Protein chains: 2
Amino acid sequence: MSISINNILKNNHTVKVNGSLWLEAAEGHFFGPGPVELLERIAETGSIRMAAKEMNMSYKKAWALVNALNAQTASPVVIPQTGGKKGGGSTLTAEALEMIAYHRILRQRFADFLDQETQRLKK
Amino acid sequence: MSISINNILKNNHTVKVNGSLWLEAAEGHFFGPGPVELLERIAETGSIRMAAKEMNMSYKKAWALVNALNAQTASPVVIPQTGGKKGGGSTLTAEALEMIAYHRILRQRFADFLDQETQRLKK
DNA sequence: TATCGTTATATCTTCAAGGATATAACGATA
DNA sequence: TATCGTTATATCCTTGAAGATATAACGATA
């Protein structure tokens, strides 16, 4: 038996199970959806500033995220270069790419879980 | 093969997969961990005010939550009574109790999912 | 009818997060 | 050496969320 939550809600409002996932270390949160997307875009654009701009995030916040991330990893996962050919830029280490790939898979499994629970709601 | 995220992190910081779940209707969020706990405590204490106090939540916020919840359900799930024997109080409808029970189960399945993913991280 | 503690509501204040802005430092290349 | 756009950093401002506070409305019971 399952509860018909949908019947409890107002007319034609269907309910969905949704959520958020992140990795957590001793100091708390450290790798949620925001940082992941940022890393992905840094990989694409080669620049923290452009990555931030693309996702409508302030450079300040982006820089803080990158900094926090680098502070919690054994070695920095984002390698910044100030000055140089195009003024500078940032590249990702292999570890960062690994983390991105892992997170992609994790997200998929989570999405499946959410779908499953949402389906269950309708019975 | 699985990625050893733990190796990427600083010494002896073990990583955990954590997250948050909620029900979502057309208007967005509407039933997350906070409201659930509040409802549970209202059921126990028979009072919004006491429930809020117990979980260190301001009455203002608690009342807003209850209000939002009642606004989104076909019929109110929290029945308030002003005045009366002990000055008033609030009781839950059967629907509210159903929602609580459902959420308990949902939380358990989610906890299992998180555990599973955390275990997977260590391989 | 007087009392009581709760619901209901408004107002003011605080506080922190984030946005906006400005600027220094940097170094490969032309 | 001059240029360029990025990283790095500080300062100010805005805004929204939440706390604090006060008070009216309420109605069963004594």
Side-chain angles (χ1 to χ4, degrees), chain A residues 20 22 24 27-73 75-93 96, chain B residues 20 22 24 27-73 75-93 96:
Chain A
S20 166
W22 59 84
E24 209 173 283
E27 299 99 353
H29 278 225
F30 95 102
F31 201 53
V36 180
E37 188 180 346
L38 185 65
L39 285 195
E40 285 172 340
R41 289 176 189 271
I42 292 176
E44 290 167 13
T45 62
S47 153
I48 296 178
R49 184 170 296 275
M50 286 179 67
K53 187 165 214 172
E54 274 190 8
M55 56 191 290
N56 243 5
M57 177 185 285
S58 68
Y59 176 79
K60 180 185 181 178
K61 183 171 184 182
W63 184 84
L65 283 179
V66 167
N67 227 35
L69 213 50
N70 277 344
Q72 281 178 299
T73 45
S75 55
V77 287
V78 178
I79 307 293
Q81 191 200 353
T82 79
K85 180 160 46 177
K86 299 285 291 178
S90 293
T91 55
L92 301 194
T93 63
Chain B
S20 167
W22 59 84
E24 210 173 283
E27 298 99 354
H29 277 225
F30 95 103
F31 200 54
V36 180
E37 188 180 347
L38 185 64
L39 286 195
E40 286 173 339
R41 289 178 189 270
I42 291 177
E44 290 168 14
T45 62
S47 153
I48 296 178
R49 185 171 295 276
M50 286 180 67
K53 187 164 213 172
E54 274 189 10
M55 57 190 291
N56 243 5
M57 176 186 285
S58 69
Y59 175 77
K60 180 184 182 176
K61 184 171 184 181
W63 184 84
L65 283 179
V66 167
N67 227 35
L69 213 51
N70 277 343
Q72 279 179 298
T73 46
S75 55
V77 288
V78 178
I79 307 294
Q81 191 200 355
T82 79
K85 182 159 50 179
K86 298 285 291 177
S90 294
T91 55
L92 300 194
T93 64

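Basis for what follows: all heavy atoms, side chains included, without hydrogens, waters or symmetry-related copies. Nothing here was measured: the structure is a model prediction, and the numbers come from that model. Naming convention: chains lettered A, B, ... in sequence-line order (proteins, then strands); numbering from 1 in each chain.
Summarising the geometry, atom CD1 belonging to A:I42 is positioned 6.0 Å from atom OG belonging to A:S90; distances are rounded to the nearest 0.5 Å. The OH atom of B:Y59 lies 8.0 Å from the OG atom of B:S47; values are rounded to the nearest 0.5 Å. Note that the CE atom of B:M55 and the OG atom of B:S58 stand 10.5 Å from one another [nearest 0.5 Å]. Here A:M57 contributes atom CE and A:I48 contributes atom CD1; the two are 11.5 Å apart, rounded to the nearest 0.5 Å. Residue A:K61 holds its NZ atom at 11.0 Å from CG of A:N56, rounded to the nearest 0.5 Å. From A:N67, atom CG reaches atom CD of A:Q72 across 11.0 Å, with rounding to the nearest 0.5 Å.
Under the Watson-Crick and G-U wobble criteria, each requiring two contacts below 3.5 Å, nucleotide D:dA30 is paired to C:dT1. Across all strands shown, C:dT14 forms a Watson-Crick or G-U wobble pair with D:dA17, both key distances being under 3.5 Å. Using N1 to N3 plus N6-O4 or O6-N4 for Watson-Crick, or N1-O2 and O6-N3 for G-U wobble, each under 3.5 Å, C:dT6 pairs with D:dA25.
Checking side-chain atoms of B:N70 against main-chain N and O of B:S75 turns up no donor-acceptor pair under 3.5 Å.
An OP1 or OP2 oxygen of D:dG19 is reached within less than 4.0 angstrom by a side-chain nitrogen or oxygen of B:S58. Listed pair B:S47 / C:dG5 fails the phosphate criterion, with no side-chain N or O lying under 4.0 Å from OP1 or OP2.
Atom NZ of B:K60 is separated from atom P of C:dA10 by 11 Å (rounded to the nearest Å). Residue A:I79 contributes atom CD1, which lies 15 Å from atom P of C:dG27 at whole-angstrom precision. Atom pair B:M55:CE and D:dG19:C1' shows a separation of 16 Å (rounding to whole Å applied). Per the geometry, CD1 belonging to A:I48 stands 18 Å off P belonging to D:dG5, to the nearest Å. Spacing between atom CE of B:M57 and atom C1' of D:dA17 amounts to 13 Å, rounded to whole angstrom units. To the nearest angstrom, P of C:dA20 lies 11 Å from NZ of A:K53. Between the CD atom of A:Q81 and the P atom of C:dA28 there is a distance of 7 Å, given to the nearest Å. Following rounding to the nearest Å, B:L65 (CG) and C:dT7 (P) show an atom-to-atom distance of 14 Å.
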So which protein nitrogen or oxygen atoms get under 3.5 Å of nucleotides 22-26 of chain D's nitrogens or oxygens?
from, atom 1, to, atom 2, distance (Å)
D:dC26, O2, B:G83, N, 2.8

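If B:K85 and B:P80 are placed on DNA chain C by their nearest nucleotide, the residue sitting closer to the 5' end is B:K85. The residue among B:K86 and A:Y59 whose nearest nucleotide of DNA chain D is located toward the 5' end is A:Y59.
Distance from the side chain of A:K61 is smallest for C:dG18 among the nucleotides C:dG18, D:dA18, D:dT7.
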